[in-house]
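Working notes, beginning with the structure itself.
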Amino acid sequence: MSVGRVRGTHDILPEEIGRWRLIERTFRGIACRYNYREIRFPVLEHTELFTRGIGEATEVVQKEMYTFNDRKGRSLTLRPEGTASVVRAYVEHGLQTVEPFQKLYYLGPMFRYEKPQKGRQRQFHQYGVEAIGSLDPTLDVEVIDLAWALMAELGLGGLWLRLNSIGCAQDRARYHDVLREHFAGALDSMCDDCRRRFEENPLRILDCKQEQCQPQIASAPGSADHLCDACAEHFAEVRRLLDALGLSYELDPRLVRGLDYYTRTVFELLSKDLGAQDSLLGGGRYDDLVEALGGPSIPAVGFAGGTERLALVAEEHGRGDPADHGIDLFLATIGDDGLDLGMRLAKELRSHGLSVDLDHRGRALRKQMERANRLSAAHLLVLGDDEATSGRGKIKRMETGVETEVEISSAALTTYIRDAE
Ligand SMILES: [Zn+2]
Ligand SMILES: [Zn+2]
């Protein structure tokens with residue numbers, strides 16, 4: 001009996017990897033142009049990072065985390081998202097003492113225990129940026145602009161933003177009261193989760209997907225109407241800058257995002273090309289998270305998006321590097337002397353930077369030639385007793401079928417093959 005993969009995980013096979021490389025390369029390239037630097041952080045974190053960072057009342061923490069005790073009984077969690085870890089690393093390494101303003105990006109797998117479906121896995125992949133160290137609205141807009149540039153470069157058109165501001169901690173405390181007042185009379189008609197959220201954090205009611213709760217959610221007052229002067233001004237400036245850059249948006253008064261660390265600006269980026277239902281990525285400010293995780297009071301803004309979604313888009317558009325680029329040279333060998341020569345030559349040519357392969361299965365010459373064709377080898381060289389003795393052989397350019405006599409040395413072969421490119 002064979003062992004299958006864990007439900008909700010997937011293998012990215014060589015045939016698909018080109019799409020992933022395209023997305024990763026495009027994202028890295030754009031992040032680099034906007035002067036964001038890569039950070040890599042562990043897949044495993046202390047559970048407390050997420051209960052404190054993301055919030056006890058969120059769906060992620062309540063229902064979706066892969067949490068377990070290690071052999072010493074410590075509660076660990078497979079990271080369900082990247083922002084909390086980036087901030088943890090920022091605080092832990094005291095990056096603010098060197099330079100408080102840090103623009104960072106990351107790529108990698110995340111884990112959430114959700115119902116698996118097309119494009120949604122329990123081990124999924126995210127790309128994201130985090131700009132830590134400034135409250136300036138220009139930074140909100142730069143982050144959005146970066147996300148926009150990424151989608152445009154990946155060929156997605158009809159881009160627009162869903163935008164809202166949920167204000168600072170004081171605004172949110174007031175908004176909680178406003179929401180409680182709104183929902184109080186209707187709790188009997190709402191789901192169990194919402195009744196719990198009503199007590200713990202009424203903002204989270206706005207995340208509810210249950211049919212029975214939608215009428216109450218649709219008529220709920222918007223957060224942007226309950227901002228203090230400073231937050232209202234910040235939000236107005238974000239919108240003015242978006243207009244100035246020609247980035248179109250739609251105000252969504254009930255957009256709150258599913259994690260508790262968000263403050264002020266929240267946004268989702270969508271594409272009309274994809275039917276404008278699910279967002280491509282989402283993000284916003286998290287001005288209190290650095291402090292909540294033990295650092296100084298330092299504001300920040302960022303976004304994260306799912307790579308699987310983009311891989312599906314790339315597949316539909318037929319985009320991505322071909323998985324198989326072909327190799328420079330296939331060495332077909334006859335007999336022991338031919339094989340010895342082949343092994344030595346392959347090692348030397350590879351060290352010169354050429355991609356070279358042999359059959360490795362002791363098969364007949366005809367089978368080896370077939371293999372060379374299937375590998376899309378640019379050149380073929382047969383090595384047998386004669387070649388081993390004379391030091392000369394015939395290299396075949398597969399595209400034209402032309403054979404040329406060459407000296408069998410790594411220098412001569414490298415020159416010949418490079419000239420063909
Ligand atoms: Zn405020
Ligand atoms: Zn509900």
Side-chain angles (χ1 to χ4, degrees), residues 54-64 112-115 132-141 143 163-241 251-267 278 283-292 296-302:
I54 298 175
E56 294 272 12
T58 58
E59 285 287 288
V60 173
V61 169
Q62 290 268 339
K63 295 178 184 168
E64 297 173 356
R112 290 187 198 177
Y113 198 87
E114 292 184 277
K115 196 172 161 53
I132 305 173
S134 172
L135 186 55
D136 204 296
T138 55
L139 198 57
D140 305 43
V141 174
V143 161
L163 185 70
N164 193 20
S165 174
I166 56 174
C168 57
Q170 292 76 32
D171 299 339
R172 264 215 317 246
R174 274 185 285 117
Y175 184 49
H176 281 181
D177 292 341
V178 171
L179 287 175
R180 283 207 177 93
E181 205 171 301
H182 171 78
F183 288 117
L187 276 184
D188 288 348
S189 69
M190 301 180 74
C191 72
D192 290 346
D193 278 336
C194 281
R195 282 199 285 272
R196 172 178 56 76
R197 292 167 180 140
F198 183 84
E199 302 298 332
E200 291 175 3
N201 182 350
L203 197 72
R204 297 275 69 91
I205 294 177
L206 304 181
D207 301 329
C208 185
K209 300 283 181 286
Q210 298 291 326
E211 201 54 52
Q212 70 199 89
C213 303
Q214 296 315 306
Q216 291 304 322
I217 291 172
S219 61
S223 57
D225 295 331
H226 299 86
L227 302 178
C228 67
D229 288 349
C231 288
E233 201 175 302
H234 184 274
F235 192 38
E237 190 59 10
V238 168
R239 294 188 321 248
R240 189 188 68 78
L241 289 162
L251 296 179
D252 180 345
R254 275 163 293 275
L255 176 68
V256 292
R257 310 280 304 145
L259 312 173
D260 278 354
Y261 54 61
Y262 284 113
T263 53
R264 297 194 176 86
T265 315
V266 287
F267 63 88
D278 305 323
R285 283 209 157 267
Y286 46 96
D287 295 329
D288 303 327
L289 186 59
V290 178
E291 195 173 11
S297 174
I298 291 181
V301 58

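As the structure lists them, so they are numbered: ligands from 1, and atoms in each ligand from 1. The residues of the chain are indexed from 1 along the displayed sequence. Below, each value reflects all heavy atoms present in this structure, side chains not excepted, and no hydrogens, waters or symmetry copies.
- Ion pair Asp260/Arg204 flagged as a salt bridge, since at least one NZ, NE, NH1 or NH2 atom sits closer than 4.0 Å to an Asp/Glu carboxylate oxygen.
- With Gln214 contributing its side chain and Cys208 its backbone, the two residues share a donor-acceptor pair below 3.5 Å.
- With hydrogens and angles ignored, the 3.5 Å screen pairs no side-chain donor or acceptor of Arg172 with any backbone N or O of Ile166.
- The SG atom of Cys213 and the SG atom of Cys208 subtend an angle of 110° at the Zn ion (ligand 2), given to the nearest 10 degrees.
- Between Thr265 and Ser165, the shortest heavy-atom contact is N-OG, 4.2 Å.
- Note on the Zn ion (ligand 1): protein N/O/S atoms under 2.8 Å are Cys168 SG, Asp171 OD2, Cys228 SG, Cys231 SG.
- Taking 4.0 Å as the cut-off between side-chain N and carboxylate O, Glu233 and Arg240 do not count as a salt-bridged pair.
- Remark: at the Zn ion (ligand 2), atom SG from Cys191 and atom SG from Cys194 enclose 110°, rounded to the nearest 10 degrees.
- One N or O on the side chain of Arg254 and one on the backbone of Ala220 form a donor-acceptor pair closer than 3.5 Å.
- Closest of all the heavy-atom pairs between Ala186 and Gln216 is CB-CD, 3.2 Å.
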